[in-house]
**Q** 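I have a structure I would like to understand better, so I am pasting it below and will then ask my questions one at a time.
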Protein chains: 2
Amino acid sequence: MARVRIADVAAAAGVSPTTASHALTGRRPVSAATLANVRKAVADLNYRANAVARSLRTQRTLAVALIVPDITNPFYPMVARGVQDTISDAGYQLIICSTDADLARELRALRDMVSRAVDGMIVSLFRASDDDLADVAASGIPFVMLGPMEGPNLGDRVMGDDRVSVSEATRKLLNSGRKCIAFVGAAQGVGPGDSRLAGYEDAMLAAGVALDPNLILRSDYSRAGARAATAQLVGREPPVDAIICANDLTAIGVMDALKIAGLSVPSDVAVIGFDDIESAALVSPALTTVDNRAYDKGVVCGRILLQRMSGEITGAFRHIVVPSHFVVRESA
Amino acid sequence: MARVRIADVAAAAGVSPTTASHALTGRRPVSAATLANVRKAVADLNYRANAVARSLRTQRTLAVALIVPDITNPFYPMVARGVQDTISDAGYQLIICSTDADLARELRALRDMVSRAVDGMIVSLFRASDDDLADVAASGIPFVMLGPMEGPNLGDRVMGDDRVSVSEATRKLLNSGRKCIAFVGAAQGVGPGDSRLAGYEDAMLAAGVALDPNLILRSDYSRAGARAATAQLVGREPPVDAIICANDLTAIGVMDALKIAGLSVPSDVAVIGFDDIESAALVSPALTTVDNRAYDKGVVCGRILLQRMSGEITGAFRHIVVPSHFVVRESA
DNA sequence: CGATAGTTCCAAATCGATTTGTGTCAAGCT
DNA sequence: AGCTTGACACAAATCGATTTGGAACTATCG
């Protein structure tokens, strides 16, 4: 129960703590006999170095923090997996903090991770302001921002090309002969909805179609919210024959409403989502959507962070775009 | 960039580090004037206590580790949320480690968390053996096991009543007149499938129905696997008129196969899943299933751990069962 | 043989906080 | 006045590892 210290190991091996440390870390050479003795003592006593003490001395924790708005949103676990697969070979542990998209919790997580002296951070914030990130930057801990948000140039940034990919999806609908295309999104400034709406607008304008504000609805990324919003779209003249949605849950809610209204997808109305969550392939008709490449984004974040932490790259912050894939299924 | 230490704060406030520490921790009283000076110095210098140094001295990290097989399985993020909501008020940070149900990673995570001296652990293991947990127990760190697995009495345990609830679900099918009920599960010893199968068997035997080995299929918890397995069930005589599944994904795969075979759910065949994942409500027909209460299990784990860490409970380990809910939708 | 280089090991300093032991001073009480 | 008590501040020890600066000892070589 009483923890074994390196001094105990050293005593058992008949050497000084210094030598035991050198034997275990390989920082300086020790004789083969000493090495064997120390190894044996470690095994006999079941010694595990105290990472807290080591970190204090070495000024490294071998830990990377991932701060996300909501771990139950399937996007983030997939990001986490990408990060972990990337950094764990270099010996880093991933610490995941979920903040519930709550400002106080976001701030607390940021402060706490700085205080715990993690070696690097990957942050995806919904509410925190630039000043809060400035605090992190001031601490000298390298960090990567994940998400579409604009912001100060305080660290590296990894983002999707939401705007471009939604624009392309919209163009495809136009090319396939859809005439009246609506967009169901989120309140302004909340999450990634704005850039997706911008993509929709880009494509419409590029095709010479005037934007109709009545075809742009605000929702809240939820299935129920989308269902309610869609009610406003049915029965219009000319009839809406395609709907672009800010995310997959919205698209599923839209399809609920269409079914209730007696419209069939995709023959009457085409529907396109965003994210490619697992459910997208499960609903009927299966959802045509845009894969946001969560895993790959995690990998990219992990890689940049590794390079920053090792000093391999310094100076100017990178802005890396991870392009999305269009996933064609049945709904469009 | 150079980190601010408490000595710097003390200097700025014109007191000794000792006094600064007392002012900040409240461990001993200080004069109002001193307190104000120290607070001001903290604000001016933007001081954040180094948690590593503090942990070394206090022998507490205020961190709890959650070790799970796969963070992308929606069950575990929900558990994480329950844990976090429970422990964060007490000042604990949650550290989530995903092990990919890989033995080497499970061991590494266990060792690493012991080495990092977390104050408590919640572990859900797929592969690791009892000895490995014995190491954790030997370290004196309290831990809670989450999952249905049998095992040594080394720590507190939180589990579902999978067997009972599947048994009840099966009984309901029998009561509603289903005659030929199959079970699609997983390979023996992998995950929670065994106890669910046992529940199926309990109900069948209790109803005086002999078990037919041909009605018990092994799959792998995946949609595709279940689809393939189900092929063996169609066209039998007497026809299978109900299928109990080890989890929801399996159930969804089963429904895929039934649709292909031209059978309708639930009129020809009733289907029941387990877990109540988000997709369960999204598929068509919506899946009747058993809610495994991930969030509540997280809360229970967190509560027990808090009590152990505070010394509020000691001695004999608890075995807590979190009963499941039957969720009736359209498929049965 | 003496100088030099190379091994091998140890004592002590260090990381940055908290905690213990002690001293000082002023107020309260007999 | 003398004694006790409490408030307040500081110096030094402490947590458990790593790292620095030598010391001791052994080979090698001219």
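Naming: A, B, ... by sequence-line order, numbering from 1 per chain. Computation of the quantities below employed the complete heavy-atom set of this structure, encompassing side-chain atoms and omitting hydrogens, waters and symmetry-equivalent molecules.
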**Q** In chain order, what residues pass the salt bridge (charged side-chain N to carboxylate O under 4.0 Å, His left out) check against B:D8, with sequence neighbours excluded?
**A**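 For B:D8 the salt bridge (charged side-chain N to carboxylate O under 4.0 Å, His left out) partners, ignoring immediate neighbours, are B:R5.
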**Q** Contact class for A:S55 (heavy atom, under 4.0 Å): base, sugar-phosphate, or nothing?
**A**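 Nothing: the residue A:S55, judged by heavy atoms under 4.0 Å, touches no strand.
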**Q** For residues 48-59 of chain A, which residue pairs qualify under side-chain hydrogen bond (donor to acceptor under 3.5 Å, both in side chains), counting only residues two or more places apart or in two chains?
**A**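 Non-adjacent pairs meeting side-chain hydrogen bond (donor to acceptor under 3.5 Å, both in side chains): A:N46-A:R48.
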**Q** Pairs under 3.5 angstrom only: tabulate donor-acceptor contacts from the side chains of residues 307-314 of chain B to other protein residues two or more places apart or in another chain.
**A**
unit_1: B:R308; atom_1: NE; unit_2: B:D156; atom_2: OD2; d: 2.6
unit_1: B:R308; atom_1: NH1; unit_2: B:G315; atom_2: O; d: 3.2
unit_1: B:R308; atom_1: NH2; unit_2: B:D156; atom_2: OD1; d: 2.9
unit_1: B:R308; atom_1: NH2; unit_2: B:G315; atom_2: O; d: 3.3
unit_1: B:R308; atom_1: NH2; unit_2: B:A316; atom_2: O; d: 3.0
unit_1: B:S310; atom_1: OG; unit_2: B:L306; atom_2: O; d: 3.2
unit_1: B:S310; atom_1: OG; unit_2: B:Q307; atom_2: O; d: 3.1
unit_1: B:S310; atom_1: OG; unit_2: B:E312; atom_2: N; d: 3.3

**Q** I'd like to check the side chain to side chain contact (heavy atoms under 4.5 Å, CB included) partners of A:T18; sequence neighbours left out, ordered by chain and number.
**A**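 Result, side chain to side chain contact (heavy atoms under 4.5 Å, CB included) vs A:T18: A:S16, A:H22.
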**Q** Would you please name every residue forming a side chain to side chain contact (heavy atoms under 4.5 Å, CB included) with A:V42, sequence neighbours left out?
**A**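 Testing A:V42 for side chain to side chain contact (heavy atoms under 4.5 Å, CB included), a comparison that skips the adjacent residues, returns A:V9, A:L24, A:V38, A:Y47.
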**Q** Rounded to whole Å, how long is the line connecting atom CD of B:Q59 with atom P of D:dC15?
**A**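 Taking CD of B:Q59 and P of D:dC15, I get 8 Å after rounding.
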**Q** Do the side chains of B:P69 and B:S124 get nearer than 4.5 Å, heavy atoms only?
**A**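 Sidechains of B:P69 and B:S124: in contact.
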**Q** By the salt bridge (charged side-chain N to carboxylate O under 4.0 Å, His left out) test, which pairs, at least two apart or in different chains, include something from residues 61-78 of chain B?
**A**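 Output for this query lists A:R81-B:D70.
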**Q** Ignoring backbone atoms, establish whether B:T34 has a side-chain N or O less than 4.0 Å from OP1 or OP2 of D:dA9.
**A**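 Yes, B:T34 has a side-chain N/O under 4.0 Å of OP1/OP2 on D:dA9.
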**Q** Go along nucleotides 17-27 of chain C 5' to 3' and tag each nucleotide: B for a protein heavy atom under 4.0 Å from its base, S when only backbone or sugar atoms are that close, - otherwise.
**A** BBBBBB-----
**Q** Over all strands shown, is B:V52 touching base, sugar-phosphate only, or nothing at heavy-atom distances under 4.0 angstrom?
**A**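 Contact class for B:V52: none.
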**Q** Using residues 87-95 of chain B as the side-chain source, report each donor-acceptor pair under 3.5 Å to any protein atom, sequence neighbours left out, with the distance given to one decimal.
**A**
unit_1: B:S88; atom_1: OG; unit_2: B:Q84; atom_2: O; d: 3.2
unit_1: B:Y92; atom_1: OH; unit_2: B:R60; atom_2: NH2; d: 2.9

**Q** Does the pair A:L103 and A:L107 meet the rule for a side chain to side chain contact (heavy atoms under 4.5 Å, CB included), with working shown?
**A** CA-CA 6 Å; A:L103 178 58; A:L107 296 182; 4.0 Å; yes
**Q** Quantified as the angle between the terminal helix axes (five pairs each), what is the overall bend of the helix from C:dC1-D:dG30 to C:dT30-D:dA1 to 10 degrees?
**A**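 Computed angle between terminal axes is 50°.
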**Q** Using a cut-off of strictly less than 4.0 Å between a heavy atom of the residue and any atom of DNA chain D, enumerate the qualifying residues of residues 112-121 of chain A by number.
**A**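 Going residue by residue through residues 112-121 of chain A, none turns out to have a heavy atom under 4.0 Å of DNA chain D.
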**Q** Please list, chain by chain and in numerical order, all residues satisfying salt bridge (charged side-chain N to carboxylate O under 4.0 Å, His left out) with A:D296, sequence neighbours excluded.
**A**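 Checked A:D296 against salt bridge (charged side-chain N to carboxylate O under 4.0 Å, His left out); matches are A:R293.
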**Q** Enumerate the salt bridge (charged side-chain N to carboxylate O under 4.0 Å, His left out) contacts for residues 22-39 of chain A, please, sequence neighbours excluded, ordered by first and then second residue.
**A**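 Listed once each, the pairs would be none.
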**Q** Has A:S16 got a side-chain N or O lying under 4.0 Å from the OP1 or OP2 atom of C:dC10?
**A**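 The answer is yes; a side-chain N or O of A:S16 sits under 4.0 Å from OP1 or OP2.
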